[in-house]
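In what follows, a single structure is set out as structure tokens and then discussed.
Remember, it's a predicted structure, so these values are computed and weren't measured experimentally.
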Amino acid sequence: MKYLVRDKIFAIGDDYWIDDEAGRHAFLVDGKALRLRETLELKDPTGLVLVTLRKKLLSLRDAMTIERDDQPLATIRRKRLSLLRNHYRVTLVEGSELDVSGRILDREFTVEYEGELLAHVSRQWFRVRETYAVNVVREDADAALMIAVAVCVIRMAEKEREGEDD
């Protein structure tokens, strides 16, 4: 299933819909403005919060967390000691890891678990300006988590690039 995601998803305070490939509302992104963190909630169409994305503004190591039911679900960090600059590791609380690699800033990358493709992010499927698609390949993959991972790594890569420009 492909989901259409607007770029600039971290406009704090903005709310908007992520639609599926049939044009139906699949998730609502609710941007919350909080004091020391950037926070987004990904909700289902009925308003139920599925996952919460948080970025500590004053963290020493760039990391984002994804929570479910106010409990940590995953932590995302840029992978150290990797030859690929755009390489991130998603560590789930139960111990498994997802690997994210590709051209993050170009919105062309994959999310894998032990070498198996879970999701592919691309701008190629849609010709809508400032959007990209998250194609959740495995039916048993958590679509909300895959979208949250895509949003987080894009945000982290953009922040990293901004830091280089300073």
Side-chain angles (χ1 to χ4, degrees), residues 1-12 14-32 37-55 63-79 86-158:
M1 175 67 76
K2 291 180 183 137
Y3 299 94
L4 182 66
V5 183
R6 257 188 27 207
D7 250 334
K8 307 300 175 199
I9 196 168
F10 265 88
I12 301 302
D14 285 357
D15 296 353
Y16 68 89
W17 287 99
I18 294 174
D19 293 334
D20 66 18
E21 57 193 319
R24 295 181 303 257
H25 290 331
F27 302 101
L28 176 66
V29 177
D30 186 355
K32 304 283 186 187
R37 298 173 171 225
E38 295 175 12
T39 303
L40 280 179
E41 291 178 344
L42 196 60
K43 300 177 177 181
D44 74 6
T46 69
L48 176 69
V49 176
L50 301 173
V51 292
T52 303
L53 293 63
R54 297 188 195 278
K55 164 74 171 82
M64 293 193 75
T65 59
I66 301 171
E67 298 173 0
R68 179 168 281 145
D69 300 323
D70 294 321
Q71 297 295 314
L73 177 63
T75 301
I76 303 172
R77 289 190 169 87
R78 189 161 74 78
K79 194 168 181 180
N86 287 311
H87 202 175
Y88 292 82
R89 176 177 289 135
V90 180
T91 306
L92 301 172
V93 290
E94 95 283 343
S96 61
E97 293 183 344
L98 307 180
D99 200 47
V100 181
S101 62
R103 297 187 325 273
I104 308 292
L105 294 173
D106 293 334
R107 311 311 188 252
E108 294 292 334
F109 59 93
T110 60
V111 180
E112 297 179 342
Y113 173 68
E114 294 185 349
E116 185 176 345
L117 183 65
L118 298 180
H120 179 213
V121 175
S122 178
R123 278 201 165 132
Q124 295 177 351
W125 293 304
F126 295 101
R127 295 291 173 226
V128 181
R129 196 167 169 259
E130 302 230 341
T131 59
Y132 58 92
V134 177
N135 184 18
V136 180
V137 177
R138 284 200 32 174
E139 286 188 25
D140 62 343
D142 182 337
L145 178 61
M146 296 298 105
I147 291 168
V149 166
V151 168
C152 288
V153 297
I154 289 168
R155 180 64 176 165
M156 291 171 72
E158 287 176 343

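Judged purely by atom type and a 3.5 angstrom limit, R138 has no side-chain atom pairing as donor or acceptor with the backbone of V136. Remark: the backbone N or O of K2 is paired with a side-chain donor or acceptor of E21 at under 3.5 angstrom. Side-chain atoms of E158 never come within 3.5 Å of backbone atoms of L105 as a donor-acceptor pair (strictly under, hydrogens ignored). Between the side chain of D142 and the backbone N or O of A144, at least one donor-acceptor pair lies under 3.5 Å. In this structure a side-chain-to-backbone donor-acceptor pair under 3.5 Å is present from D44 to T46.
You'll find the side chain of V5 stays beyond 4.5 Å of the side chain of V121, heavy atoms only. Contact annotation: the side chain of L73 never approaches that of E67 to less than 4.5 Å [non-hydrogen atoms, C-beta and beyond]. Residues V93 and R68 have side chains not in contact (no heavy-atom distance under 4.5 Å, counting atoms from C-beta outward).
How far CG of L92 is from CD1 of I66: 8.5 Å, rounded to the nearest 0.5 Å. For the atom pair CD of E112 and CG of L118, the computed distance is 8.0 Å after rounding to the nearest 0.5 Å. Here R89 contributes atom CZ and D99 contributes atom CG; the two are 7.5 Å apart, rounded to the nearest 0.5 Å.
Evaluated for a ring-ring contact (aromatic ring centres under 6.0 Å, His included) with F27, the options W17, Y16, Y3 yield exactly one hit, Y3.
Across every non-hydrogen atom of R123 and Y132, the tightest pair is CG-CB, 3.9 Å. In plain terms, the two heavy atoms of D19 and H25 that are nearest each other are OD1-ND1, 2.7 Å.
The neighbour count for E139 CD, taken as heavy atoms of other residues, nucleotides or ligands under 6.0 Å away, does not exceed 12.
Of the charged side-chain nitrogens involved, none lies within less than 4.0 Å of a carboxylate oxygen, so that E97 and R77 do not count as a salt-bridged pair.
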